[in-house]
Amino acid sequence: MSAPKPPRLFLSPPHMGGREEARVAEAFASNYIAPLGPQVDAFEAAFAEHTGIAHCLAVASGTAAMHLALRGLGVGKGDVVVASSLTFIGSVSPAVQLGAEAVFIDASPDTWNMDPDRLREALAALTGEGRRIKAVIPTDLYGQCADYARILDICAPYGAPVVADCAESVGARCGGGLEADDTNRHAGAWPGLAASIFSFNGNKIITTSGGGMLASEDAELIAKARKLSQQARENAPHYEHLELGYNYRLSNILAAVGLGQLEVLEARVAKRRQIFRWYREALGHAPGLSFMPEAATGKANRWLTVLLVDAQSFGVSPESLRLALEAENIEARPLWKPMHLQPVFAGCRAFGGSVAEDLFLRGLCLPSGTAMTREDVARVSRVILSAARKQA
Ligand SMILES: Cc1ncc(COP(=O)(O)O)c(C=O)c1O
């Protein structure tokens, strides 16, 4: 008889704080089993309070939030939308679905986020060709804020609005360095951003099982998005429509889960950062292994701990490590495959690309769920180190 498998360690499973069920029970008691209701209102207000972004709209997903942001900015056929290449497809698909042309920007080797120098090059080249840049979408990769200050400076002369993709960076900070100070802002709360989107998908640092938030200082943009998210219904007793919208609202039940999750967000950030430190202690000394760098201009939430493997000096490729982990019932995952390499975007332009390609080939996302113990991290680390020993 074979030995029982050790319990599965998932990449980033949901982690309830304990008060979510009571919040859901409140929603049931009031019978607001609907896509609108007091829990949605309270979740939007609590998120606005937590992030410091004035206007928030709770929606069905981060992708829906991005779609609404771009509709709000008037993105359409023939426009250009410039986005990070090293990202998840939900960052980019809404722009293309609206008829825009996506142009991808390489990652910076220092932060892995959108490279501001490449962005500058792209905006100059595209504008020189007479193209209109309708939006720039930097992703806060794996929970680290992009360099909003530089990106906004570069975009300003072109009048290109910036939409921050903060799907992965809920709870992260930008601008203040590692110590809290008054320039320390929540991800997506940087002055001058047109809008920011967040995801509460099941694998994120806090979750509503599925859900998202669109946030902006621009009350009009959020009001427009709110209307579009409810099938663009006009203000009339019957159903009157002057334009087409979507059914994108967040369920009131899921908003109740979100309220409970928001209460534990800061604790979740602290734990993800702790998990990162445990990995670094266990693996940081091994030749050929390093980790995603942290920018000096913020405090990442370390949504996922990302390992960079130099196969030559470590002796094992990231894919062999992934398989060795899988054999021990541990889930690990390659980095996002850059958008400029995705078959669905074949023919799209990219400015640079080699940094993102190299990170994709050498990176591995390690289990980072906040219910993990130090022993869980040690278990993952042992498998990684022993895979190298077996190879030696
Ligand atoms: C960078 C990024 N953008 C957008 C999304 C889309 O969010 P959702 O899955 O909630 O639609 C995600 C995650 O899922 C993401 O990681």
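Just the heavy atoms: all of them, side chains too, but no hydrogens, waters or symmetry mates, feed the values below. This one's a predicted model, so the numbers in the text were calculated from it and none came from an experiment. Order of listing sets the numbers, starting from 1, for every ligand and every atom in it.
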Using the ring of F351 (Phe, Tyr or Trp, six-membered ring only), decide whether R118 places NZ or CZ under 6.0 Å from its centre and within 45 degrees of its axis. no
Do the numbers put R8 on top of the ring of F10, so that NZ or CZ is under 6.0 Å from the six-membered ring centre and no more than 45° off the axis? yes
Provide the number and element of each atom of ligand 1 under 4.0 Å from a heavy atom of [X].
{"X": "T87", "value": "1 (C)"}
{"X": "T63", "value": "6 (C), 7 (O), 8 (P), 11 (O)"}
{"X": "T139", "value": "1 (C)"}
{"X": "A167", "value": "2 (C), 3 (N), 4 (C), 5 (C), 12 (C), 15 (C)"}
{"X": "G211", "value": "10 (O)"}

Option from E20, K204, R23 for which side-chain hydrogen bond (donor to acceptor under 3.5 Å, both in side chains) with Q261 holds: E20
N/O separation below 3.5 Å, [X] to ligand 1:
{"X": "S199", "value": "yes"}
{"X": "A64", "value": "no"}
{"X": "E168", "value": "yes"}

In this structure, is the centre-to-centre distance between the rings of F104 and F345 below 6.0 Å? yes
Run the side chain to side chain donor-acceptor pair (under 3.5 Å) check on S91 and T139 step by step: do they pass? CA-CA 8 Å; S91 190; T139 291; 3.3 Å; yes
Shortest protein heavy-atom distance from [atom], along with the residue and atom involved:
{"atom": "atom 3 (N) of ligand 1", "answer": "D165 OD2, 2.7 Å"}
{"atom": "atom 5 (C) of ligand 1", "answer": "F88 CD2, 3.5 Å"}
{"atom": "atom 13 (C) of ligand 1", "answer": "K204 NZ, 2.8 Å"}

Counting distance only, does the side-chain N/O of S196 pair as donor-acceptor with the main-chain N or O of G188 below 3.5 Å? yes
Please report the closest heavy-atom contact between Q39 and A256, naming both atoms and the distance. CG-CB, 3.7 Å
At the 4.0 Å heavy-atom cut-off, does A65 count as touching ligand 1? no
Please confirm whether M66 comes under 4.0 Å of ligand 1, counting heavy atoms of the residue only. no
Would you call R382 and E328 a salt bridge, taking side-chain N to carboxylate O under 4.0 Å as the test? no
Taking the inter-plane angle between the rings of Y246 and H67 on a 0 to 90° scale, is it parallel (under 30°), tilted (30 to 60°) or perpendicular (over 60°)? tilted
